Peer 1: 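Let me begin by handing over the structure; questions about it come next.
Bear in mind that the values here come from a model prediction, so they are computed numbers and not experimental data. Labels below follow one simple rule: chain letters A, B, ... track the order of the sequence lines, proteins then strands, and each chain is numbered from 1. Values reported hereafter were calculated over all heavy atoms of this structure, with side chains retained and with hydrogens, waters and symmetry mates removed.
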Amino acid sequence: MRSPAIEVTGLHKSYGAHEAVAGVDLHMEEGEILAFLGPNGAGKTTTVEILEGFRARTAGKVSVLGQDPASAGLDWRERIGIVLQESQPEEYLTVAETVIMWAAYFPAPRPVSEVLKLVGLADHRDQRVGRLSGGQRRRLDLALALVGNPELLFLDEPTTGFDPTARREAWAMIDGLRDLGVTVLLTTHYMDEAQNLADRISVIAAGQIIAKGTAADLAEAASLQTRISWNAQEVPLDELPDQLRAAAAVLKEAGEHGETSTSPGEGPATLVIETDQVTDTVAVLLATARRLRGSVESLEVRAPTLEDTYLALVSETDSAEEPSP
Amino acid sequence: MNGGSLQQLATQTRFDFVLLWRNPLASFFTVVLPLIFLFVLTALFGNDLVTPVGPKLASRFVPGIIALSVVQASFVNLAIVTVFRRETSILKRVRGTPIRPWVFMGGLVATAYAVIALMAVLMALIGWAVYDVDLLWKTVPSLIVTLIIGGAVFCALGLAFTNLVPNETTGPPFLNLVVLPLYFVSDVYVPATDETPRAITLIGDIFPIRHLAVALQRSFDPLSDESIWPVTNWLVMAAWGVAGALIVTRWFRWTPRD
């Protein structure tokens, strides 16, 4: 039977009276990509640094590739790769020289040209690191993490500061690691990144895992509904059947300062219904429009995104943290 | 130590040397500046005979400037590079790889020794060819021992000093604050004479730079009646080196402050 790549139970880390990590459980299978999400200060980096062996824990059981990172030796380090949130390779070396230097740190490195090709830097091998763009430097960061041929890769916000094209390219690259059988623990603030890359997601807030599973599992946990909206001029509130009228909220168009209000005001308003009964609601809405001999060109049906789910989950934790008045 | 570690050390040294060479500021302060000082000192003070029977005044400047090169190549360069690597998380990343810490740091130390050897030979040759400085073959073994001890001591102190430097921008000013005044009281620019105030030489005697400079002077002084083996200077330097090494093993930081 294959052992899990990461197995964490009851992880605690305290700094004096402050408990940064308060009982985290994590489980990762080999070859899996797990997105680890959470607001700043939620204990995300502390947890990852404990897994990387950079920090000692206060309590709990941690096994990474079958070993305890707190006591693991250099042979364990041969099997992991790390991309830190911020790091800056030496700017006076060329791309190839930097990778050659890092390859020497590992007993069985990947060939340098293969690594450069993998991260899309083959055409820049003789360029000085100081002259690379931000995105290219990040690729080099990834190259340095991959050159040791790791079984497990820690990626801490790998695409922060990327333009949309560079981000898509980075995703394709990370997705390609799947074919190499690399297990990836991905920390990110971009929900689309997590949605695109991760097999599973774990959300941490206030030092505890508040949700885990696939994006769909999380949406269910957050019990968010699909949002149906349309322009009130096409189908006014008064024309709706009773049961829909009760569920609909009037949302004034975003004003100059981007403010919204739920009271009907001057100008075109948007009507919104949040519901699980998407088909029935849309059918009633269309029937009403037909009865009015009109149309609902502005109709928008939006399923909750991972971002909505995440924000809902995290805000639940926030309000639970607030002392009640 | 095994073959793998030696191979790693060779690779690390190669790239650390390339990095020093390509970094304009680092190569200026370790290689060019000592050369400029040698030329400026001889231009300012001339190159007359120190006594009626010799030697030339430049034979006092050459060992002083070699001492300067040793301190710049080991203490100053090692501290600046290490603080920079710590603050830009390069050290943290390296800690996340299987390379042994001493092998990684060994690259910088070996680079310091390469520069020290280069500068000592260059200064001695310029002194001999341009300024009539006598090269004393019988003191060469003692000169080599002084350079080996000096390199090790100032590398250890450079690493120890990184604990006092909060971030990479304060590295160079902090280091200059320490070494510049010490150079003046340590026989580096101008050797002490009988007229030098006692307080100055006393301050210089506490710190290791003067002991390095004095030990090197002994190797370039054909008229010295002292032993060619400056054991006391070596011992004082070694004491500083041991203190530095203890600080490194106890307090060296691989990561930026939280």
Peer 1: What part of B:V103 lies closer than 4.5 angstrom to a heavy atom of chain A: side chain, backbone, both or neither?
Peer 2: neither

Peer 1: Given a strict heavy-atom distance threshold of 4.5 Å, which part of A:W102 is in contact with chain B: side chain, backbone, both, or neither?
Peer 2: side chain

Peer 1: Looking at A:E86 and B:K92, is there a salt bridge between them, counting it only when a charged N and a carboxylate O are closer than 4.0 Å?
Peer 2: no

Peer 1: Please rank B:Q12, B:Q8, B:R22 by heavy-atom pairs under 4.5 Å with chain A and give me the top one.
Peer 2: B:R22

Peer 1: Hey, which of B:S89, B:G107, B:G96 has the most heavy atom pairs under 4.5 Å with chain A?
Peer 2: B:G96

Peer 1: Between A:E49 and chain B, which part of the residue has a heavy atom less than 4.5 Å away: side chain, backbone, both or neither?
Peer 2: side chain

Peer 1: When you check the gap from the basic side-chain N to the acidic O, do A:E90 and B:R85 get nearer than 4.0 Å?
Peer 2: yes

Peer 1: Using the ring of each side chain (for Trp, its six-membered ring), is B:F37 parallel, tilted or perpendicular to B:Y189, with breaks at 30° and 60°?
Peer 2: tilted

Peer 1: Tell me if the CZ atom of A:R131 is crowded by more than 12 foreign heavy atoms within 6.0 Å.
Peer 2: no

Peer 1: Below 4.5 Å from any heavy atom of chain B, which atoms of A:P150 appear? Answer side chain, backbone, both or neither.
Peer 2: neither

Peer 1: With respect to chain B, which residue among A:L93, A:D75, A:I80 yields the maximal number of heavy-atom pairs within a distance under 4.5 Å?
Peer 2: A:L93

Peer 1: Are A:Y92 and B:W21 an aromatic pair, judged by ring center distance below 6.0 Å?
Peer 2: no

Peer 1: Can you say whether the rings of B:F75 and B:F154 are parallel (under 30°), tilted (30 to 60°) or perpendicular (over 60°)?
Peer 2: perpendicular

Peer 1: Given a strict heavy-atom distance threshold of 4.5 Å, which part of B:T11 is in contact with chain A: side chain, backbone, both, or neither?
Peer 2: side chain

Peer 1: For A:R128, which atoms come within 4.5 Å of any heavy atom of chain B: side chain, backbone, both, or neither?
Peer 2: side chain

Peer 1: Establish, from distance only, whether the side-chain atoms of B:N167 and B:T170 form a donor-acceptor pair under 3.5 Å.
Peer 2: yes

Peer 1: Checking A:F54 against chain B: side chain, backbone, both or neither under 4.5 Å from a heavy atom?
Peer 2: side chain

